[in-house]
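Just so it is clear, the model here is predicted, and its values are computed rather than measured. By convention in this document, chain letters (A, B, ...) are assigned in the order of the sequence lines, proteins followed by strands, and residues within each chain are numbered from 1.
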Number of protein chains: 2
Amino acid sequence: MARAAGVSQASVSLVLGGKWRGRVSARTAETVREAAQQLGYRPNLAARSLRTGSARTAMLVVPALTGDFFAQVHAGAARVAGEHDFGVVLYPSPEGIGRAPDPFDSARAALDGVIASSMAAEALSSLQDGGLPLVMLDSEPSDPMASAVVNPDIADGMRRVAAHLLDLGHRRVAHLAADVPSWTFRLRARALHEALGNFPGAELVATRGAALSVQDGQRAADELLALRPVPTAVVCDDDVLAAGVCKAARRAGLSVPGDLSVTGFDDLPLATALEPELTTVRLPAQEVGAAGMRALLAVLDGQRPATTTLPVALAPRASTGPAPH
Amino acid sequence: MARAAGVSQASVSLVLGGKWRGRVSARTAETVREAAQQLGYRPNLAARSLRTGSARTAMLVVPALTGDFFAQVHAGAARVAGEHDFGVVLYPSPEGIGRAPDPFDSARAALDGVIASSMAAEALSSLQDGGLPLVMLDSEPSDPMASAVVNPDIADGMRRVAAHLLDLGHRRVAHLAADVPSWTFRLRARALHEALGNFPGAELVATRGAALSVQDGQRAADELLALRPVPTAVVCDDDVLAAGVCKAARRAGLSVPGDLSVTGFDDLPLATALEPELTTVRLPAQEVGAAGMRALLAVLDGQRPATTTLPVALAPRASTGPAPH
DNA sequence: CTGAAAGCGCTTACAG
DNA sequence: CTGAAAGCGCTTACAG
């Protein structure tokens, strides 16, 4: 490339790196850019990374590719990364939120840092070996492994769900919990218990756990709907689970929301694909990703960013209605 | 690392690279491995890649992270990659199937090849500049850009849908097409037209296009259901669209499948989240990803792999039934 | 303003 | 069997 332009390697690097002002003449800079254009020249990333010791790349670890949530998180992170000439590499953990085998082997880009969303804390231990800065999303804020944490306000979301149902007159509420040992679901359970516990006359009549699938949700819902008296509302940790409850209700001959109110969480596309549409909690997924990337850049910059909490919103829709008497 | 083990750099490289047999003594090899363990030593990927000229990394370009299909494709590709000490880096094209801006800037890992799934052909032009081998998945088989193509048997899937409906006595069928200019959807449309056209008495009464969302599908379905006489079945290019039809049907007071049969395509988790569950076509997504990775490895190995077609299966469920008379 | 040179950490001939 | 050396393609002091 340098020979093609008839200039030194240094000039090429300076010009293409945008650091030429005051070090290379405008004329030379122009020559370089033309030649680069001509040749379709792309700097070798491996060489640059070896020389600078940085790959300008972050890895985003997510438990699953399914669902819109992580897609949004990635979109947000990628946007911010792009603004800082950074790249984002996605690593879907093969084990779900469980232990990530070895991201460094599988997505082997040279990395400057890791952003992990909604993973179980223990799952990230292999990441620690890398000695890379770790930003956690939707995760335990006091985790000592994390250089920074960015969370949607999960507890507030669940409180809003509870308030919404209490407003509608529901007093016998069941909880369909995600059987997943992560911070986000533990918090959802706790916030619901507290909100209901603090309201005189309201009762959390039962809790069932289920894996994050419609089928498991449906199976657990069957048990909940067999209770007597039947709860008037089922709060689900997740929209997928709520879909299972809706199926179970229909098969049990219960109408939603006439006989039973159902709430989801996350506002996945699924929430509006169902009929009736799900009342759920919308998480600012894009913003979570973007804030996570910003936090990582700050850490890389030597700063010590604080924990960030992002507001969530209740999306009241057709799956909730007044409690039957 | 070499100094720590008290051996030469070369020995370390040989041992850790598994190429030491007959070149390094067993004793030295053991020493190296112990030291590496102790130090938590990880070879610098940038240096290796610079030296060898290969990053042992493939990029998988997908139009969206939403939905299980691409997650499965990735899982398959990552599995095969891992077996060959390769990594896979995911690149969700920000523009959907449209033009991918510049993957090399955004997911900047040094790459040996690209696998692109379900993208519009033109969308990949910026990839071509990279001069990297390109394997296309779920794409036009005769595309000159592709070094290899791996396709699920889309046409056969659509033929099975048509046969299923014809078996059930449906003769007035409507098509809800995905408004997406990619090979996979063009082929779905063509196969359906042909299958219906070849069957005496059957008629494709109408076709509507819609973007790949429940809302757009529902809107287009409203038009289809306003036709007189009403079609007895709606064939959808995709499960998401089928969800929209089911919503529209319920709102129009039509029962599925009593008054109207609905079919999807892809067998997303959504298909069984709905009530009734969708009759749809299951694509071997994992196998598509795995075969794609194998094809890329073959190309990298100097071979010229043929186009691969993978069988699909009809998943008959509750959204289709006998045609009303 | 410009170019020659060092060096990032590997792998792979090559000489001992 | 072992080690010294070259070189991958960059970036960044450094000398002219």
When you measure from the side chain of B/Asp266 to the backbone N and O of B/Leu283, does any donor-acceptor pair fall under 3.5 Å? no
Nucleotide nearest B/Arg51 when distance is taken to its side chain, options C/dC8, D/dA6, C/dG3: D/dA6
Which range-with-range stems can be found for DNA chain D when each stem has 3 or more Watson-Crick or G-U pairs in a row and both distances sit under 3.5 Å? C:1-3 with D:14-16, C:5-12 with D:5-12, C:14-16 with D:1-3
Out of C/dG3, D/dC8, C/dA13, whichever nucleotide has its closest atom nearest the side chain of A/Ser8: C/dG3
Go nucleotide by nucleotide along DNA chain C from the 5' end; which of B/Ala46 and B/Ser11 gets its closest nucleotide reached first? B/Ala46
Touch class at under 4.0 angstrom, heavy-atom based, for B/Thr28 against every strand present: sugar-phosphate
Could you tell me how far apart A/Gln9 (CD) and D/dT11 (P) are, to the nearest whole angstrom? 9 Å
To check you understand the geometry: which heavy-atom pair defines the closest contact between A/Ser117 and A/Pro63, and what is its length? O-CD, 3.2 Å
Rounded to whole Å, CG of A/Asn44 lies from P of C/dC10 at a distance of 16 Å
Provide, to the nearest angstrom, the distance between the CZ atom belonging to A/Arg48 and the P atom belonging to D/dC8. 19 Å
Testing the basics here: between A/Met136 and A/Ala146, what is the closest heavy-atom pair and its distance to 0.1 Å? CG-CB, 3.3 Å
Against the side chain of B/Ala10, the closest entry in D/dT11, C/dT12, C/dG3 is C/dT12
Given atom CD of A/Glu30 and atom C1' of C/dC1, what is their separation to the nearest angstrom? 17 Å
To the nearest Å, give me how far apart CG (A/Asp112) and C1' (C/dC8) are. 15 Å
Heavy atoms under 4.0 Å, any strand shown: does B/Thr52 hit a base, just sugar-phosphate, or nothing? sugar-phosphate
In whole Å, what is the span from the CG atom of A/Leu45 to the C1' atom of C/dG9? 17 Å
In terms of side-chain heavy atoms of B/Leu14, which of D/dC10, C/dC8, C/dT12 is nearest? C/dT12
Just by distance, do the side chain of B/Asp112 and the backbone of B/Arg56 share a donor-acceptor pair under 3.5 Å? yes
Short question: side chain of A/Ser13, backbone of A/Gln9 - any donor-acceptor pair under 3.5 Å? no
Proximal nucleotide (of D/dT12, C/dC10, C/dT2) relative to the A/Val24 side chain: C/dT2
Using only atom types and a distance under 3.5 Å, with no angle test, would you say the side chain of B/Arg304 pairs donor to acceptor with the backbone of B/Ser147? yes
OP1 or OP2 of D/dC1 less than 4.0 angstrom from a side-chain nitrogen or oxygen of B/Arg23, does that happen here? no
How many Å lie between NZ on B/Lys19 and C1' on C/dA13, as a whole number? 12 Å
Salt bridge A/Glu30-A/Arg33, side-chain N to carboxylate O under 4.0 Å: yes
Could you tell me the separation between the CG atom of B/Leu50 and the P atom of C/dC10, rounded to a whole number of Å? 12 Å
When all nucleic acid strands are considered with a 4.0 Å heavy-atom cut-off, which category describes A/Ser25: base, sugar-phosphate, or nothing? sugar-phosphate
Answer yes if the side chains of A/Ser8 and A/Ser11 hold a donor-acceptor pair under 3.5 Å, and no otherwise. yes
Any B/Tyr41 side-chain nitrogen or oxygen under 4.0 Å from OP1 or OP2 of C/dC10: yes
